[in-house]
Amino acid sequence: MRAALRWIRSDLRARPFQVAVEMLVVGGVLTALLLSVTVLEGATNPWAGLFAQSRGAQIWMRLAPGTKVSGLRQIGGVTAIAGPYSTTAATIVQGPLQSAVELRAMTPAMPQIGRLLVRQGSWLAPSAPGGVVLEASFAQAIHCRVGSELVINGIDGPTAKVRVIGIAATSDQGFYPDQTPGLAWVQLPLLRRIEPIARHTEEVVGIRIANSADTSFVAQQAVAELTGAVRSVSTWTQVEQSMARGDPLLGLLLALFGLVALGGAVLVIASATGGRVLVQLEELATLKTLGFTPGQITAMVVAEHAGVGLAGASLGVVATRYLTVPLLHGIPASIVPAVVPLPATWIVLMACSAEFLVVLAAAFPGWRAGRVSAVVAVRRPLPAGHLSQLARVVMLSRFPPAIVLGARAAFIRRLPAALTIGGLAMSMAVITIGLGVASTVDDVQRHPANIGLAAALTVSPGELSQAQAGAIVSGDRQVLSAYPSVQVNALLATGTTTITTLGLGTSARPYPFHVAQGSLYHAPGQAVASQGLLDLLHLKVGELVPMQINGVPVIFRIVGRIVEPEYSGQVLAYGLDTLSQAGVVSPPVYYSLVLRPGVTVSAARRHLLAVSGGRLDVTEVNDPASQLGIIRPMLAGLIAVLALVGLVSVLTASSVGIRDQLRDVGALRAIGLTPRQVMVSMVSSTTALAVIAIATGATAGFMVSTRLINLGAQVYGIGSGIGRPPSAPAMAAAILIAAAGATLTAILPARRVVATPVATMLGP
Amino acid sequence: MIARAVPQPAPSADEMLLKIVGLSKVYKGGGPPVHAVRGVSLSLEPGQFVAVMGPSGSGKSSLLHMLGGLEPPTTGQIWFDGARVDGLSQARWAMLRRRNIGFVFQFFNLVSNMTVADNVELPALMSGATRRQAKERRIELLAELGLSDKASASPARLSGGEQQRVALARALANRPSLLLADEPTGNLDSLNSADVLRVLCRVHGQGQTIILVTHDARAASMADRVVNLFDGMIIDDMDVVTPIRPSVAAAGVLRLGE
Ligand SMILES: Nc1ncnc2c1ncn2[C@@H]1O[C@H](COP(=O)(O)OP(=O)(O)O)[C@@H](O)[C@H]1O
Ligand SMILES: [Mg+2]
């Protein structure tokens, strides 16, 4: 349809700014979505990323020393072999602490297959024969940095003093401490020094195969090939499983963002198309008088916006491609160990969905455009304006007449006014919700106790007796309180489900859970549960739940609901006295320590280790809030996209308004309003709409924000009660910036109109 | 300047380009129904130039819109080129307009974002012409209307008369069998009006059938036939036998006709 194409081309050319913004919105939303999915994928399933980046091997085998491995290459499907590398067990000694470690001998030349991803420091180097590179999760767990000095003890006694020169990630094995021992890479001479007896070493060889689906088949063949020499085999599925982490909080927030971003995109396209159609009604009607059919008009309008959408989507795909890698560097590896670009099929699928949504959003305005009567082209009645009640009040309050005139003009056309207010209010509401998410994240990070993380450290007696350990932790000045704790599995009375239960403190001195509903346990037999468990068992606070613990029946009354992100939110907690009263043999007790305000976790840990001479086992509590850091940049991106949505709404409003006002403006200037006054009138027309929209949106967003976050948390089993309202300064800033932005945006087109000579405007 | 002295014998129905029977239009908006056109019947031979006159609000535009399918009639029949068209769907009407009916309006209705050339090429492109054919036709039309140097201008940069001539070029691009013009000079000064009328006269001379709605007696005087509407009804329908023209207007036409 050449005529339609020509019309689309000229329409796009006539409004480059709007088109660019529309494209940016689609591209921005798609980028935000793709990056969110990438990060989420990297955070919850890091193996794939690590595997791709390290060009890892799917199969790892431990072999007797000196095994010939050349035969492995002949197995069908094998593309490359990593190693063999000599390896030996050893112990890392840090003051009083000892950690088991596997030393693996490698060369300063990084291998092609099974590469190590150096995160800090550097790889092994000939110039540093005594240097060791630690696996990242292991290094984090044993508090080592680049530069740390360590002592490594061989099994048979030899000792070496070494320096950590690098920290690297690998896809060869799962994260510490899920997978032990920890992994450290050294050069062969150092390994020989620590384990001089070759017989005591093993060899590790990795097999990379073309198709991961063939793993077990190839593994079987490899074992057969090396008969007798294979000590153990591990495959990528085990590693993948051990690395996989469901992080409900992160997932929840990302899902929320994704939905909001999609909603925003649909909204902006619908409002931009709708507004554009309104502005063009007469022209579209003229095209009808020339012989365009209704279907052609609809197709043309949809095609124009679909084209812009497609350009935007392509922009998004390209942006994602170039942003994924910088993003990888921006996120600490402890949160997201590896980010791999998403598979092309996913990207194409998501880009297509985005394009589909654009078409969907443009369809209704397009359909309306097709239905516009051709006589609109030649009969153009302006809706009769009347001075609204509001305008009258404003007039009485002696506002400058230009503002009153403009504000009045804004409401003459009800539908565009409603569209603008709707679009802008929606984006404002979602921005407000975003600010709510930000302050929730802030709150969780500042007061981890609110999500069940009152204790920063747990201490097991280790080599000490329970009484000694209890005395040390309760006597430590850095510890505010210490709660004796046990973790036991309980079998539900139905006998089919096992859940994790925690005995924490006693009924007289319960652990300071953040209770979202009901109360804490204050008597034996009372317990608190988190949302996920209540959902799982279809229970409500106040009900009884019979269980078996170590074969002994125990009946709990659930007296309260706690907020708990761990254990997928499926956890039951009670006082230790409940167990003793029921006659359950208590499992080993550890202590959950709440630190005094101002005491850092690592300082307390060091102090406890020092006091106990290293005989206590001190573990830091995994803090899910630490992973929420990435939320902030994402939130910033989202707000930027929503600001674009708002911008489009305002642009639409001012162009619709200006078309209506054009003749008025001519008249106004003819009766003596200065250009400046005319401009004030036109701008205040848009600003009036914007102010209403911003106020409505901010109010609505404020009212639903906390509830929405809680609802999401409830769905994810964390339980409601973590949501916080947006902070007052952030809200104030958002409102002011939005209002100022809307006004500035409206000034642009108004200036152009004011610059046109009066005579032109007084024409038709 | 001698008009036909003897009216030609009335042609039979199938020679008529356009025939309307008992056409009426009632607008039912919010208020009381408005009877804009009340039972108008009319036949038009190919090549005829009909001026429709009447006071404002007498239903001239409504009639013209129904003839072009912009609005459906409330009752009555429209026959175009021997086929009944009043019941056609919007899309069918659009296709009929595309090939057979050209429109010119008081306010020009050019597509503001397109150049003059694009505006004029649009109808040809719409009816399936190649870019090259459309361009050739456009060059021809613009040359004929003295607008060759404005081809790449934006409509907003043209004077009213120039814009209306572009609109005429656009309406004539597909050589329509019928040209419908609704007060094409209503928004022009006398000089520009005369310009536009001169074009109409010339295309009529080339055999173009025209219905011209106008308030302008001078314009009407160029027609073969003048239909007078009042309150939605035809009160007078006469062939122009002897042009009785005010000398000033005649002089104007003569001057511009050269
Ligand atoms: N869409 C409409 N709704 C209601 N009344 C209309 C509409 N269009 C025209 N009219 C009325 O119909 C009558 C005829 O109008 P019109 O055909 O425009 O007359 P003319 O072109 O001769 O001035 C007028 O009274 C006008 O107000
Ligand atoms: Mg009229």
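Remember, predicted model here, so these are calculated numbers, not experimental data. Note on naming: letters A, B, ... go to the chains in the order of the sequence lines (proteins, then strands), and numbering restarts at 1 for each one.
- Ranking B:S112, B:G68, B:A171 against chain A, the residue ahead of the rest is B:S112, based on heavy-atom pairs under 4.5 Å.
- Both the backbone and the side chain of B:R131 come within contact range of chain A, each with at least one heavy atom under 4.5 Å from a heavy atom of that chain.
- Between the side chain of B:T74 and the backbone N or O of B:V26, at least one donor-acceptor pair lies under 3.5 Å.
- A:T273 has its side chain within reach of A:V301: a pair of non-hydrogen atoms, C-beta onward, lies under 4.5 Å apart.
- Within 6.0 Å of OH on B:Y27 lie more than 12 heavy atoms contributed by other residues, nucleotides or ligands.
- With a 4.5 angstrom heavy-atom cutoff, A:R9 touches chain B only via side-chain atoms.
- Among B:L180, B:V111, B:T130, the residue with the largest count of heavy-atom pairs under 4.5 Å with chain A is B:V111.
- For B:S89, no part sits under 4.5 Å from any heavy atom of chain A, backbone or side chain.
- Closest heavy-atom contact between B:I78 and B:D86: N-OD2, 2.8 Å.
- Residues A:D11 and A:Q280 bring a donor and an acceptor atom of their side chains to less than 3.5 Å of each other.
- By the 4.5 Å heavy-atom criterion applied to side chains, B:L229 and B:M53 are not counted as neighbours.
- Between the side chains of A:T286 and B:N109, at least one donor N or O sits under 3.5 Å from an acceptor N or O.
- Taken from CG in B:L147 to CZ in B:R165, the straight-line distance is 4.5 Å, to the nearest 0.5 Å.
- Inspection of non-hydrogen atoms places no residue of residues 133-141 of chain B under 4.5 Å from chain A.
- Heavy-atom distances place no part of B:Q106 under 4.5 Å from chain A, backbone and side chain included.
- Side-chain atoms of B:Q77 and B:K19 include no donor-acceptor pair closer than 3.5 Å.
- In this structure, the side chain of B:E183 does not engage the main chain of B:L212 through any donor-acceptor pair within 3.5 Å.
- For B:S154, no part lies under 4.5 angstrom from a heavy atom of chain A.
- By the 6.0 Å contact criterion, CZ on B:R92 is open, its count of non-hydrogen atoms from other residues, nucleotides or ligands being 12 or less.
- Using a cutoff of 4.0 Å between basic side-chain nitrogens and carboxylate oxygens, B:K60 and B:D182 are not scored as salt-bridged.
- Looking at B:S61, both its backbone and its side chain come within 4.5 Å of chain A, counting heavy atoms on both sides.
- Residue B:A129 touches chain A through its backbone alone, counting heavy-atom pairs closer than 4.5 Å.
- In terms of heavy-atom pairs under 4.5 Å with chain B, the best-connected choice from A:Q296, A:E283, A:R15 is A:E283.
- No other option in B:I101, B:L122, B:D118 has as many heavy-atom pairs under 4.5 Å with chain A as B:D118.
- For A:T289, the parts lying near chain B are the backbone and the side chain together; criterion is any non-hydrogen pair under 4.5 Å.
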